[in-house]
Every structure is written in C-alpha cells, then in structure tokens.
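Single-structure report; data block below.
All figures in this text were calculated on a predicted structure; none of them were measured in a lab. Keep in mind that the numbers below use all heavy atoms, side chains included, and drop hydrogens, waters and symmetry copies. Ligands are counted one by one from 1 in listed order, and the atoms in each one are counted from 1 as well.
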Amino acid sequence: MSATILDGVKIARDIRSEVAAEVKAMAAAGIRPGLAVVLVGHNPASEVYVRGKVKSSEEVGVYSEKHTPPENISTEELLELVIGLNERDDIDGILVQLPLPPQVDSKKILMAVDPAKDVDGFHPVNVGLLSTQREGLVPCTPAGAIEILKRTNIPIAGKEAVVVGRSDIVGKPAAMLLLNGNATVTVCHSKTRNLPAVCRRADILVAAIGRAGMITRDFVKPGATVIDVGMNSVTDHAEFDRLFAGNAKREETFRTKGSTLAGDVHPNVAEVAGAMTPVPGGVGPLTIAMLMANTVRAAKLRRGK
Ligand code: GUN
C-alpha cells in the first residue's frame, strides 16, 4: 500500500482563483483589499516567504506593500510603524514576519496590531475568538492544513486527531481548529511520554515539530491521514541519507544546492498512511493562499460585510 499524496499546490491554486474572483467582485464596488508586510532585517528564509506573499498578492489583485526596517530597529520604532498601518484605511491586513530580532519585544509588537487587520491571527483577541468558536482571523498555516482535509473530503468529526508540537503559530491553533471540527484532540510535545504510541492512536496526525523526518512509519496507524507542517533545511549528509537515500531527484538537488527541504515526516510513512501531504508541495503553498483569503476576509469584515 502507498499513501495518496495530497496535492497542496493544486488546492492552493484553487483557493487563489476563488480569492481572485472575490477581489474582482469587490473592485466592481470600488474596494481593493490592501496588505502590508513588515520584514525586519535580512533573515534569508523570511525574505523568501515575504517575496512569495507579495507575488501572490499581485496575482490575486490584492494591493500590497513591503516595509523593510533595519535589523537594529527598536521595539518603539517598530510599534510606531505598526500603529501607522493600523490607522490607514487602505490597509486591511498587517503581517509582521517572524522571527523578529532579539532586541525587539515580539509579544508587544503582535499585541499592537489591530485585531481586525491581524491576517496572521496571532493577536490574543483572535486567539480567543478561535478558542470560543467566534468569527475571527485564523492563523494561515493551520487553516491551510484544515483546508486540505476539507477539500479532499477527509472527515474530522468524531476522529482521533493528534497534533505533535504546541507552538502558538501552528500546533495550538491546529488543535483548536480540529477540536472545533469535533475531533478528539491530543496535543503532544517534547515532554510527552511514549510519543509513537500516542501518535498511533491518530486517524489524523499533524506534525508541527520542526525536526526533519522525526515522524517515522512506526508512529502511524495504517490508513491514517498525515499532515506534515515541517519545513526543515537538511544539509547534513548522514541526515540526508536517513531520509532520502536512493531518491534520485532528491540526490540531484542535494548535490547541486547542498541542501534539500524536508518535512517532519519521514518518507517511509507513505508505506502505512492512507493519505499524506508532501514537503515541498503540501501545507506550504496553502499558507500564502490562506493569507490572501484572510486579507479579503479582513477587508470585508472591516466594512461590515
Ligand atoms: N514566520 C514563519 N511562519 C510565519 C507566519 O505564518 N507568519 C509570520 N508573520 N511569520 C512567520
């Protein structure tokens, strides 16, 4: 048996075209959703993500602008930038790319974003709205993971869901979304005892740990759906071999680039899972598609629609 591979690229494309149609309809009413992305300093991964966010905005017709303050910006200066964006009527969504440099108080910055413009869904007001099943803005990556389940007709209600990882950005909101969908949810973390056995209970297993290939086939119940949220750059040869030995395409990229992108799920999971998301091409593309959807939602909600 070999797992069905859930194609995030296609699902993201579908969502983007739905969003583009909405943007077009709004344009007829004289409204153009606007997104401001704040990228502090020169973190290479963040630069790649932000480029994708700006490019996707252009594709769906969302106005976007990028703010790139220097690495040494103070919390107060960054607060001033965020407050300015809060006050602008042409900006519906504000996204402060993480991580921020160590001298900046990240919690203070995320708290300053107007919850109505918080397209990342990181503000405590939006976290509270999600946890009490009220309408709000939901973090893009976990929302994308759920969207994959919904659009591939994988039921959530009544299922055993196990989320590995408890980050504020992915693990916790993913658990909350699954709970709101009436799954029975277990959240695991570094202190969880007998992790493989807990994971084997899952009908839906969400891996959001940040360790390449940690979830191997012995963590997975036969037929389970496995959602891989990991984005790990593998540069070590032994690590590469543990994950991808014999995979000609991967060997080629690794040889030419010196690295390859790996999820938290080991490829051997495909031998037991019923369905799984690949990396790259799974949850990743959904993150940006959901950001576009959130920006349009924020634009509508802010105008009382
Ligand atoms: N850094 C890594 N993932 C994210 C994300 O979803 N949003 C923001 N703002 N920063 C990130």
Side-chain angles (χ1 to χ4, degrees), residues 8 12 15 35-57 62 64-69 71 73 75 78-79 81-82 85-86 91-102 104-115 117-127 130 136-148 163 165-177 206-211 227-233 261 263-264 277 279-280 282-295 297-298:
I15 293 170
L35 172 67
V37 181
V38 180
L39 170 63
V40 178
H42 296 284
N43 179 309
S46 292
E47 283 180 336
V48 172
Y49 294 144
V50 166
R51 209 174 304 136
K53 289 168 184 180
V54 171
K55 179 166 165 271
S56 193
S57 301
V62 163
S64 77
E65 58 183 39
K66 189 168 85 170
H67 297 261
T68 55
E71 185 78 33
I73 193 169
T75 300
L78 193 52
L79 275 178
L81 172 58
V82 168
L85 294 169
N86 283 343
I91 294 298
D92 297 288
I94 301 169
L95 183 146
V96 182
Q97 187 66 29
L98 302 177
L100 291 169
V104 173
D105 184 341
S106 300
K107 289 213 154 119
K108 212 166 175 179
I109 299 298
L110 297 182
M111 191 80 141
V113 175
D114 179 348
K117 297 188 176 188
D118 171 35
V119 285
D120 257 331
F122 293 166
H123 192 286
V125 164
N126 282 314
V127 176
L130 176 62
L137 292 163
V138 177
C140 303
T141 300
I146 299 298
E147 206 58 32
I148 291 178
V163 179
R166 57 172 155 184
S167 70
D168 292 338
I169 295 184
V170 181
K172 277 190 228 167
M176 201 53 81
L177 286 165
V206 178
I209 313 137
R211 284 182 57 187
I227 304 290
D228 189 353
V229 190
M231 292 267 257
N232 312 290
S233 176
L261 185 68
D264 292 346
T277 60
V279 174
V283 175
L286 266 295
T287 297
I288 295 183
M290 298 314 285
L291 174 65
M292 297 300 113
N294 272 355
T295 303
R297 264 195 74 223

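Where the criterion is an N or O separation shorter than 3.5 Å, residue side chain and backbone included, D120 meets it with respect to ligand 1. Considering both main-chain and side-chain atoms, L98 comes within under 3.5 Å of ligand 1 through a nitrogen or oxygen pair. The shortest N/O to N/O separation between Q97 and ligand 1 falls below 3.5 Å.
Only backbone heavy atoms of V96 (N, CA, C or O) come within less than 4.0 Å of ligand 1; its side chain stays farther off.
In plain terms, the two heavy atoms of Y49 and I288 that are nearest each other are O-CD1, 4.2 Å. Residues H123 and L110 share a closest heavy-atom pair of CD2-O, 3.4 Å. For the pair T68 and K66, the tightest heavy-atom approach, listed with the atom from each and the gap, is CG2-CE, 3.8 Å. A pairwise comparison of heavy atoms in S46 and P99 identifies OG-CD, 4.0 Å as the closest pair.
Taking a cut-off of under 4.0 Å to the non-hydrogen atoms of L95, the atoms of ligand 1 that pass are 9 (N).
Side chains of H42 and E71: no donor on one and acceptor on the other come within 3.5 Å.
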